[in-house]
Number of protein chains: 2
Amino acid sequence: MDQLRETLKGHHLRTTTCREDVLSTFINKKNALSHGDLEGVLGENYDRVTIYRTLKTFLEKGIIHKVLDDEGLRYALCSQNCSEEKHHHDHIHFKCNECGETNCLENLHIPAVQLPKGYQPENFNLLIQGICPNCK
Amino acid sequence: MDQLRETLKGHHLRTTTCREDVLSTFINKKNALSHGDLEGVLGENYDRVTIYRTLKTFLEKGIIHKVLDDEGLRYALCSQNCSEEKHHHDHIHFKCNECGETNCLENLHIPAVQLPKGYQPENFNLLIQGICPNCK
DNA sequence: GTTCATTTGCAACAGAGTTGCACACCATTT
DNA sequence: AAATGGTGTGCAACTCTGTTGCAAATGAAC
């Protein structure tokens, strides 16, 4: 519980129950979550709008990052300590076509790609879809 | 013009003016297009809903595929001849942070990634964001 | 405990995408 | 060329997702 407060403080955020609950939901469920997922869990306690704003704040402060698949937008915890200034974002995400869960594969790096002349890459995002170990 | 009819027929679709126009828009503009983009070009001639349904049909038949970036959903022509049964989708997309355009990099392959045990990949989607040659 | 800035809830709104239904159109048959 | 049947289109209404403005509530610092 204090862990939550620490994290929030570390990112220069006031501790509020909503923020604590959203953060702990991310920590407990390990996979990427959509706004709808969070609303499902916390919707009784907090307003839709508040959850949207919490996500937006977390994004800006570098606590979470966006995860995209063909179904839409989700969010996941940043592994490295991202901050407002510096986001680390060369992610590999694996989406299971069976259970629908999306997870960050933290330890992997995206292999170098030889881009055609003139392209100046800034960040990389690899989405792999398939079957996850749990569904195999 | 006959080219369009051929393509539609090849995917078992009736030729209608809307489908021809949507298809030729994709062929002329080479980058990925959102529903909104198409509505901007063709909205005077066709209903919003019709454009949605055309996109859905094209997706199902394998004429176009989804492209996602942090701003939302777009569509681009399938390079290979995809069909209803078989989509070929190991794509690299490059989104320019300057002009906002997203393009498929057709000729590149995604290098192999060493996945942890138990992960069974089916397809890969790499989104690279940065500056494109035109905006450099 | 008071204070002030920040956060929250509510209501209203905006945009994206969907559904049902009647009419129009395409391709096929005669 | 006209009739036919199945498919596609336009319209209206709706749902879902996300946003904005404002007043009331709350957190942190004094």
Side-chain angles (χ1 to χ4, degrees), chain A residues 1-2 4-25 32-61 63-75 84 100 102, chain B residues 1-2 4-25 32-61 63-75 84 100 102:
Chain A
M1 339 260 132
D2 253 12
L4 299 174
R5 293 180 163 243
E6 287 299 315
T7 303
L8 291 172
K9 269 202 175 170
H11 292 273
H12 310 101
L13 288 176
R14 282 193 183 176
T15 59
T16 67
T17 54
C18 179
R19 285 174 181 170
E20 287 179 317
D21 284 356
V22 169
L23 184 53
S24 80
T25 306
L33 301 173
S34 66
H35 173 269
D37 295 332
L38 288 162
E39 205 185 330
V41 181
L42 304 172
E44 306 257 312
N45 307 319
Y46 308 105
D47 193 81
R48 267 168 17 90
V49 178
T50 303
I51 298 175
Y52 275 115
R53 288 196 263 228
T54 303
L55 287 171
K56 202 174 180 180
T57 307
F58 281 11
L59 264 183
E60 287 165 4
K61 299 294 180 182
I63 297 177
I64 58 176
H65 63 272
K66 291 186 181 183
V67 182
L68 285 137
D69 61 40
D70 56 343
E71 288 182 75
L73 179 56
R74 294 181 201 200
Y75 304 89
E84 206 157 353
T102 302
Chain B
M1 340 258 132
D2 252 14
L4 299 174
R5 295 182 161 239
E6 286 300 314
T7 303
L8 291 173
K9 270 201 173 172
H11 292 272
H12 310 101
L13 288 175
R14 284 191 181 177
T15 59
T16 67
T17 54
C18 180
R19 285 172 181 172
E20 288 178 316
D21 284 355
V22 170
L23 184 52
S24 77
T25 305
L33 301 173
S34 66
H35 174 268
D37 295 332
L38 288 162
E39 204 184 331
V41 181
L42 304 172
E44 305 257 312
N45 307 318
Y46 308 104
D47 194 80
R48 265 167 20 90
V49 179
T50 303
I51 298 176
Y52 274 116
R53 288 197 263 228
T54 303
L55 287 171
K56 201 174 184 182
T57 307
F58 280 11
L59 263 182
E60 285 167 4
K61 298 295 178 178
I63 297 179
I64 58 176
H65 63 273
K66 290 186 183 183
V67 182
L68 283 135
D69 60 43
D70 55 343
E71 288 183 75
L73 179 55
R74 296 180 200 201
Y75 304 89
E84 207 157 353
T102 302

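What you see is a predicted model; the values in this text were computed from it and never measured. Convention: sequence-line order gives letters A, B, ...; per-chain numbering from 1.
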Mind calculating the distance between OH (Tyr52(A)) and C1' (dC13(C)) to the nearest angstrom? 14 Å
Please check this pair: side chain of Asp2(A) against backbone of Arg5(A), looking for a donor-acceptor N/O pair closer than 3.5 Å. no
Assuming nearest nucleotide by heavy-atom distance, tell me which of Thr54(A) and Arg48(A) is located more 5' along DNA chain C. Thr54(A)
State, to 0.1 Å, how close Leu4(B) and Glu20(B) come at their nearest heavy-atom pair, and which atoms those are. CD1-O, 3.7 Å
Roughly how many Å is it from CG in Asp37(A) to P in dG18(D), rounded to a whole number? 11 Å
Rounded to whole Å, the CG-C1' distance (Asp47(B) to dG17(C)) equals 13 Å
Asn45(B) has an atom CG; how far is it from atom P of dT9(D), in whole Å? 13 Å
Between Glu39(A) (CD) and dG18(D) (C1'), how many Å, whole number? 11 Å
Indicate the atoms forming the closest heavy-atom contact of Arg19(B) with Phe58(B), along with that distance. O-CZ, 3.7 Å
Among dG18(D), dT19(D), dA27(C), the one nearest any side-chain atom of Val49(A) is dT19(D)
Nearest to side-chain heavy atoms of Arg19(A), which nucleotide of dC10(C), dT7(C), dT18(C): dT7(C)
Does the side chain of Thr15(B) get closer than 4.0 angstrom to OP1 or OP2 of dA27(C) through an N or O atom? yes
Among side-chain atoms of Ser34(A) and Asp37(A), is any donor-acceptor pair under 3.5 angstrom? yes
Whole-Å distance between dA16(C) C1' and Lys66(B) NZ? 13 Å
To the nearest angstrom, how far is Glu20(B) atom CD from dC26(C) atom C1'? 12 Å
Given dG18(D), dG10(D), dG9(C), identify the nucleotide with an atom nearest to the side chain of His35(A). dG18(D)
Could you tell me whether the phosphate oxygens of dT26(D), OP1 or OP2, come under 4.0 Å of any side-chain nitrogen or oxygen in Arg14(A)? no
Calculate the interatomic distance between Leu38(A) atom CG and dC16(D) atom C1'; express it in whole Å. 17 Å
Could you say whether Leu13(B) or Leu73(B) is positioned toward the 5' end of DNA chain C, judged by the nucleotide with the nearest heavy atom to each? Leu73(B)
Taking atom types as they are modelled, would you say the side chain of Arg53(B) forms a donor-acceptor pair with the base of dG10(D) within the 3.5 Å cutoff? yes
Remember a base hit wins even if backbone is also touched, and classify Thr57(B) as base, sugar-phosphate or nothing at under 4.0 Å, heavy atoms. nothing
May I ask you to evaluate whether Thr16(A) reaches the phosphate of dT8(C), defined as a side-chain N or O under 4.0 Å from OP1 or OP2? yes
Scanning both residues in full, the closest heavy-atom pair of Leu68(B) with Asp70(A) reads CD1-CA, 3.3 Å
